There are 2 protein chains.
Amino acid sequence: MDTGRRRDAARTRAEILEVASAEFADQGYAGARVDEIAARTRTTKRMIYYYFGGKEQLYVAALQAAYARIRAAEQEVDVAHLGPVAAIRRIAEVTFDHHEANPDFIRLVSIENIHRGEHIARMPEADLVGLNTPAVDLLGEILERGRGQGLFRAGADALDVHMAISAFCVFRVANRHTFGAIFGRDLVDPDRRLHYRTMLADMIVSYLSAAE
Amino acid sequence: MDTGRRRDAARTRAEILEVASAEFADQGYAGARVDEIAARTRTTKRMIYYYFGGKEQLYVAALQAAYARIRAAEQEVDVAHLGPVAAIRRIAEVTFDHHEANPDFIRLVSIENIHRGEHIARMPEADLVGLNTPAVDLLGEILERGRGQGLFRAGADALDVHMAISAFCVFRVANRHTFGAIFGRDLVDPDRRLHYRTMLADMIVSYLSAAE
DNA sequence: TAACTAACGTACTGGTTCGTACATTAGTGG
DNA sequence: CCACTAATGTACGAACCAGTACGTTAGTTA
């Protein structure tokens, strides 16, 4: 069986990045081992330094790739045909599903925050532009529509609403271990999935609908 | 100046624990260095092993101590004299203040979750009992009062409400770095503190007040 | 005050881990 | 088909780091 050419720079690079993403998400930056990443690829440690330069640059590349994947996924939401309330519910639900489906991304973000965002802060501007646009801009439009129809409060800011939605979704996945140990409730139990999804949408909609 | 006895087991132990808590919160488990902790105490590395046994046990002790401090602080909330809505607001605000005042605790919890709660899961039951009681039990009572007075929805669960409040408070502190880098907004800017505090209380109250 | 033990310090080790020097092969342009 | 370069592999080193062997001193008790 011929699995392709013996030399394929793009493929080797991609494979390293994929394995590294998993390893960093799994072990954290300091906990991740370059040798372990190398062992789990079809190539050697030498190639990591050849393509990425070092452990830290590899980590930054993995973080960047994770954000890029997310950005791509977020652009697929279509709520133009929905009323403001239904549109907000949909955005909350899509965000919810999205976080549940990407625990590794949430772990990488947590890890980066443990490092006080020092790596993402050093990323070139070009890699961050566009990361915010899709979800928040959409939220802003819907909020304005809702306000125009007298459905939503005037003082609600799109970025704040996005923050509240993210907080709920991220916490449920990121903090499920300590929460489970202390309170004895599994936040990602499939049987409770719909309950939390509905709760989030209810909470956001009721906040927006309430008088100031 | 006589700073006390040259030998004081309790003091030495306490000092190690204090420095270790700061170092683990700062660097994470794998990133923390036993030598560095020792260097920042008035004693030596030998004493860490003498009193705690090893790096992992020291980390567990630091985590346990952090939770103990929190538990003590949470028991000081008094809302018996308030109506259900005001009581809920007060709990949300106290939790908010509390998280803002203890970023190191939040960091330790994040770190423990990166490790999938493996250490907290192995803690003796006795150390976890009582950790949940104060805040959530109180919430349960208020919810029931509010329900009795027809103010709150029937389907609201105390632990879920606690989760939603925690999520908001934790996210704002824990994820402020990546959020700030991507959206250009500092979530812990003192000028926005009151805004977020009010927003959280509004959100929880409106969720509870809305019809199902 | 002598014997004893809890508390503490020094110096070291064995394994780990990031990174690199050096060698080699596959593909490619002339 | 021959030189040249991009891509890859091997073997190793130097620093780091958790943990410990061994020795010492302070306080305590008989």
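Chain identifiers are assigned alphabetically (A, B, ...) following the order of the sequence lines, protein sequences preceding nucleic acid strands; residue numbering begins at 1 within each chain. Just so it is clear, the model here is predicted, and its values are computed rather than measured.
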Note to self: Could you tell me how far apart B:Ile16 (CD1) and C:dA7 (P) are, to the nearest whole angstrom?
What the structure shows: 12 Å
Next item on the list: Under the salt bridge (Lys or Arg N to Asp or Glu O under 4.0 Å) rule, what do B:Arg185 and A:Asp160 come out as? Steps first, then yes or no, please.
Entry: CA-CA 10 Å; B:Arg185 180 174 297 179; A:Asp160 288 345; 2.8 Å; yes
Margin query: Within residues 52-65 of chain A, which residues have any heavy atom lying less than 4.0 Å from an atom of DNA chain D?
Written below: none
Checklist line | Spacing of A:Arg42 atom CZ relative to D:dA7 atom P, expressed in whole Å | finding: 17 Å
Next item on the list: Please check the phosphate of C:dC8 (OP1 and OP2 only) for any side-chain N or O of B:Thr12 closer than 4.0 Å.
Entry: yes
Item checked: CZ-CD1 distance between B:Arg71 and A:Ile182, expressed to the nearest 0.5 angstrom -> 10.0 Å
Margin query: From CD1 of A:Ile48 over to C1' of D:dT10, roughly how many Å is that when rounded to an integer?
Written below: 15 Å
Next item on the list: Please round to the nearest 0.5 Å and tell me the distance separating atom CZ of A:Phe168 and atom CG of A:Leu200.
Entry: 5.0 Å
Margin query: Strictly by salt bridge (charged side-chain N to carboxylate O under 4.0 Å, His left out), give each pair with a member in residues 26-38 of chain A just once, sequence neighbours left out.
Written below: A:Asp26-B:Arg116, A:Asp35-A:Lys45, A:Glu36-A:Arg40
Margin query: Between the base of D:dG19 and the side chain of B:Lys45, is one N or O donor paired with an acceptor at under 3.5 angstrom?
Written below: yes
Next item on the list: Kindly point out which of D:dA18, C:dT20, C:dC8 is positioned nearest to the side chain of B:Tyr49?
Entry: D:dA18
Note to self: Please list all pairs meeting salt bridge (charged side-chain N to carboxylate O under 4.0 Å, His left out) that have one or both residues in residues 194-207 of chain A, counting only residues at least two apart or in different chains.
What the structure shows: A:Arg89-A:Asp202, A:Glu93-A:Arg197, A:Asp97-A:Arg197, A:Asp202-B:Arg153
Next item on the list: Output the distance between atom CE (B:Met199) and atom CZ (B:Phe96), rounded to the nearest 0.5 Å.
Entry: 10.5 Å
Margin query: Looking at every heavy atom in both A:Phe171 and B:Ser166, which two are closest together, and how far apart are they?
Written below: CZ-CB, 3.9 Å
Checklist line | Integer-rounded Å distance: D:dG9 C1' and A:Met47 CE | finding: 7 Å
Checklist line | Interatomic distance where CD1 belongs to A:Ile37 and P belongs to C:dG19 [whole Å] | finding: 11 Å
Note to self: For A:Phe105 together with A:Tyr67, are the ring centres under 6.0 Å from each other?
What the structure shows: yes
Check: Are any of A:Thr43's side-chain N or O atoms less than 4.0 Å away from OP1 or OP2 of D:dA7?
Finding: no
Next item on the list: Could you pull out all residues at least two apart from B:Ala61 that satisfy side-chain contact (heavy atoms from CB on, under 4.5 Å)?
Entry: B:Leu17, B:Phe52
Item checked: Near-strand residues of residues 17-35 of chain A, defined as heavy-atom separation under 4.0 angstrom from DNA chain D -> none
Margin query: Distance check, rounded to the nearest 0.5 Å: A:Arg69 atom CZ versus A:Asp104 atom CG?
Written below: 8.5 Å
Next item on the list: Using a cut-off of strictly less than 4.0 Å, decide whether A:Tyr50 has a side-chain nitrogen or oxygen near OP1 or OP2 of C:dT20.
Entry: no
Distances under 3.5 Å only, N/O to N/O: pair up the protein atoms with those of nucleotides 21-23 of chain C.
none

Notebook entry, point to check: Could you walk me through whether A:Tyr29 and A:Glu112 pass the side chain to side chain donor-acceptor pair (under 3.5 Å) check?
Noted result: CA-CA 9 Å; A:Tyr29 177 73; A:Glu112 177 61 7; over 6 Å; no
